Number of protein chains: 2
Amino acid sequence: MATSDLSKDLAPIVSNTMADMVEIRLREYLKRKSFRPGDALPKELELAEALGVSRNVLREALSRLRMLGMIETKKKRGMVLARPDILGTFERVLDPLIIDTGTLQDIFELRLVLEMGLADLLYIRKTDKDIQELEAIAKKEVNVDNTFRIKTEIAFHGKLYEMSGNDTLKRFQIMLLPIFDYMVAVEQQPTRGDVTHMDLVQILKNGSKEDFKRGMESHLKPHFDRLK
Amino acid sequence: MATSDLSKDLAPIVSNTMADMVEIRLREYLKRKSFRPGDALPKELELAEALGVSRNVLREALSRLRMLGMIETKKKRGMVLARPDILGTFERVLDPLIIDTGTLQDIFELRLVLEMGLADLLYIRKTDKDIQELEAIAKKEVNVDNTFRIKTEIAFHGKLYEMSGNDTLKRFQIMLLPIFDYMVAVEQQPTRGDVTHMDLVQILKNGSKEDFKRGMESHLKPHFDRLK
DNA sequence: TTTTTTGATTATGTACTACAAATGAAATTT
DNA sequence: AAATTTCATTTGTAGTACATAATCAAAAAA
């Protein structure tokens with residue numbers, strides 16, 4: 001194992017600051033008391049006193065939970081538990097410039113895996129209207145400038161995710177786009193598989209799910225060929 | 001569109017608190033100045049003064065970035081930009097009890113999509129040693145009590161993710177496990193496909209990638225059949 | 001001269017007080 | 001009874017003070 005894995009295997013034993021501990025304790029508290037979205041929380045002073053910390057420290061911890069959308073506060077009404085947007089938090093740290101190359105590669109592969117697995121959902125939920133729209137997108141890209149190639153790529157594959165009928169999946173894909181772009185930009189020559197977007201549309205129209213899976217595999221083959 | 005989508009389409013125009021704004025401004029600042037991991041940041045008082053807020057508010061924002069692992073601080077040395085653990089942040093909000101049912105369903109499907117798309121990575125990276133270990137796992141579950149069925153499920157599919165050679169993917173799967181368990185537990189009768197774990201192992205040994213994809217599809221078919 | 005020790009310095013961590021702003025509830029007026 | 005005003009309460013922000021710990025440099029010892 002390389003040294004980079006060490007930090008993943010060995011989490012620090014204790015959290016350094018009080019705010020860290022308070023955050024953990026608050027999470028435990030919310031779980032233990034099985035608070036549900038909408039439930040009101042004790043006020044800051046009570047929490048601070050119960051935890052034996054200053055209101056300052058407590059508010060640092062609360063600020064974190066608030067950022068994640070776990071709690072919402074109003075001036076006099078106090079705090080209530082809320083439903084966090086699970087992807088919103090993800091988005092905050094998804095910057096290709098910050099992520100290490102290993103993880104970048106992992107995410108690139110993750111995207112490929114999603115794309116390959118998408119077929120099953122697609123063949124459950126695709127509609128004629130969807131396919132028509134997808135075809136329109138594919139048609140527009142026939143004589144497009146190379147500068148816009150990435151844009152059309154995004155539009156086409158984005159539509160595929162949309163057709164999956166899974167909002168979370170679609171948002172997730174949108175979120176991963178910058179990573180994907182970054183990785184593709186790093187590649188030297190433009191990658192193009194033997195199966196074009198229009199081919200995929202035709203398969204969706206008339207072909208079987210297995211046909212589509214094979215088609216998608218050919219379409220993404222240049223990317224897979226780079227993997228080891 | 002249902003009302004639940006409105007909040008996703010229409011984000012609030014202004015962030016309520018100063019801490020929210022400071023968090024945003026700090027992110028912009030880090031990006032604009034293209035700080036890299038390891039770079040030192042100005043000290044709290046300077047930042048607070050520059051932003052025109054109290055040190056208190058600034059620290060609430062910093063606390064958030066610290067939670068995400070974007071910055072690290074030491075007593076006198078000051079703050080340095082760090083590499084956030086992209087999945088660690090995700091984990092914090094992934095609680096089946098908090099997530100709404102729609103998103104739960106989405107994540108359940110996401111897991112299925114991943115599982116189906118895994119084959120391509122597996123056939124690039126699988127080793128004989130991996131397959132032996134996987135077979136050992138599959139053998140152990142032949143006469144296992146129904147209580148432990150879920151555990152063996154986890155072990156087997158977990159090993160598959162491990163064989164993908166993609167750490168992020170594996171961690172992601174581990175993270176989604178509670179959701180998956182929850183959803184499976186909600187299902188009434190235990191789902192079992194026609195293709196067993198042992199069958200999948202045999203396919204990995206001798207079969208083609210397409211065989212494996214078909215096998216996995218049959219294995220997960222009961223889950224897919226519940227989708228609409 | 002080199003090493004060790006000591007101490008000053010400095011940035012973060014925590015506590016506390018004070019007040020502003022908002023808002024729900026109670027009291028008052030019509 | 002309805003509308004208005006006042007009051008009380010809770011979060012949001014500012015500012016001060018001090019604790020803590022890490023760094024660097026100077027002083028002392030070898």
Side-chain angles (χ1 to χ4, degrees), chain A residues 12-30 33 35 37-84, chain B residues 11-30 33 35-84:
Chain A
I13 296 183
V14 289
S15 300
N16 286 332
T17 71
M18 290 269 188
D20 290 332
M21 314 245 317
V22 170
E23 185 203 337
I24 294 172
R25 295 285 294 274
L26 283 178
R27 287 175 181 282
E28 288 171 358
Y29 171 72
L30 295 179
K33 288 279 197 175
F35 276 104
D39 291 356
L41 273 60
K43 41 195 172 192
E44 292 182 353
L45 276 174
E46 289 175 10
L47 287 174
E49 195 178 8
L51 289 162
V53 297
S54 73
R55 189 167 159 238
N56 223 328
V57 167
L58 176 81
R59 277 185 63 84
E60 284 190 20
L62 287 178
S63 178
R64 300 178 177 187
L65 301 186
R66 206 161 15 228
M67 172 186 64
L68 299 179
M70 295 184 64
I71 61 175
E72 287 173 357
T73 58
K74 280 187 179 153
K75 271 287 159 67
K76 153 149 183 179
R77 196 157 172 189
M79 295 176 289
V80 295
L81 205 64
R83 283 194 199 287
Chain B
I13 296 181
V14 289
S15 299
N16 287 331
T17 70
M18 290 270 188
D20 290 332
M21 314 247 314
V22 170
E23 184 203 337
I24 294 171
R25 295 285 294 274
L26 283 178
R27 287 174 179 282
E28 288 170 359
Y29 171 71
L30 296 179
K33 289 279 196 172
F35 277 103
R36 310 284 310 161
D39 290 356
L41 273 59
K43 39 194 172 190
E44 292 182 354
L45 276 174
E46 289 174 9
L47 287 174
E49 195 178 9
L51 289 162
V53 297
S54 72
R55 188 165 161 240
N56 224 327
V57 167
L58 176 81
R59 278 185 62 84
E60 284 190 20
L62 288 178
S63 178
R64 300 177 177 189
L65 301 187
R66 206 164 323 157
M67 171 185 66
L68 299 179
M70 295 184 63
I71 61 174
E72 286 173 359
T73 57
K74 280 186 179 153
K75 270 287 160 69
K76 150 148 187 182
R77 195 153 172 193
M79 294 176 290
V80 296
L81 205 64
R83 283 193 198 287

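Worth knowing before you read on, the calculation uses all heavy atoms, side chains too, and leaves out hydrogens, waters and symmetry mates. Convention: sequence-line order gives letters A, B, ...; per-chain numbering from 1. Nothing here was measured: the structure is a model prediction, and the numbers come from that model.
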Heavy-atom nearest nucleotide on DNA chain C taken for Lys76(A) and for Arg77(B); more 5' hit belongs to Arg77(B)
Taking atom CZ of Arg25(B) as the centre, report whether more than 12 heavy atoms of other residues, nucleotides or ligands fall under 6.0 Å from it.
-> no
Distance check: side-chain N/O of Ser54(A) vs OP1/OP2 of dT14(C), anything under 4.0 Å?
-> no
Identify, with sequence neighbours excluded, every residue that meets side-chain hydrogen bond (donor to acceptor under 3.5 Å, both in side chains) alongside Arg27(B).
-> Glu23(B)
Nucleotide dT20(D), atom C1' - distance to CE of Met18(A) in whole Å | 12 Å
Find the distance Glu60(B):CD to dT12(C):C1' and express it as a whole number of Å.
-> 16 Å
Is any N or O donor-acceptor pair between the side chain of Asn16(A) and the base of dG13(C) shorter than 3.5 Å?
-> no
With sequence neighbours excluded, what pairs up with Arg66(A) under the side-chain hydrogen bond (donor to acceptor under 3.5 Å, both in side chains) test?
-> Thr73(A)
Spacing of Arg59(B) atom CZ relative to dA14(D) atom P, expressed in whole Å = 15 Å
Can you tell me the distance, in whole Å, between the CZ atom of Arg66(B) and the P atom of dT14(C)?
-> 9 Å
Is the shortest heavy-atom distance from the side chain of Arg64(A) to the side chain of Leu68(B) under 4.5 Å?
-> no
Which parts of residues 39-53 of chain A get close to DNA chain D, meaning a heavy atom less than 4.0 angstrom away?
-> Lys43(A), Glu44(A)
So does Thr73(A) get a side-chain nitrogen or oxygen closer than 4.0 Å to the phosphate oxygens (OP1/OP2) of dT10(D)?
-> no
From the list Asp20(B), Val22(B), Thr17(B), side-chain contact (heavy atoms from CB on, under 4.5 Å) with Val57(B) holds only for Val22(B)
Can you name the nearest heavy-atom pair linking Leu81(A) to Leu41(A), along with the distance?
-> N-CD1, 3.7 Å
How close or far is atom P of dA19(D) from atom CG of Asn56(A), stated in whole angstroms?
-> 17 Å
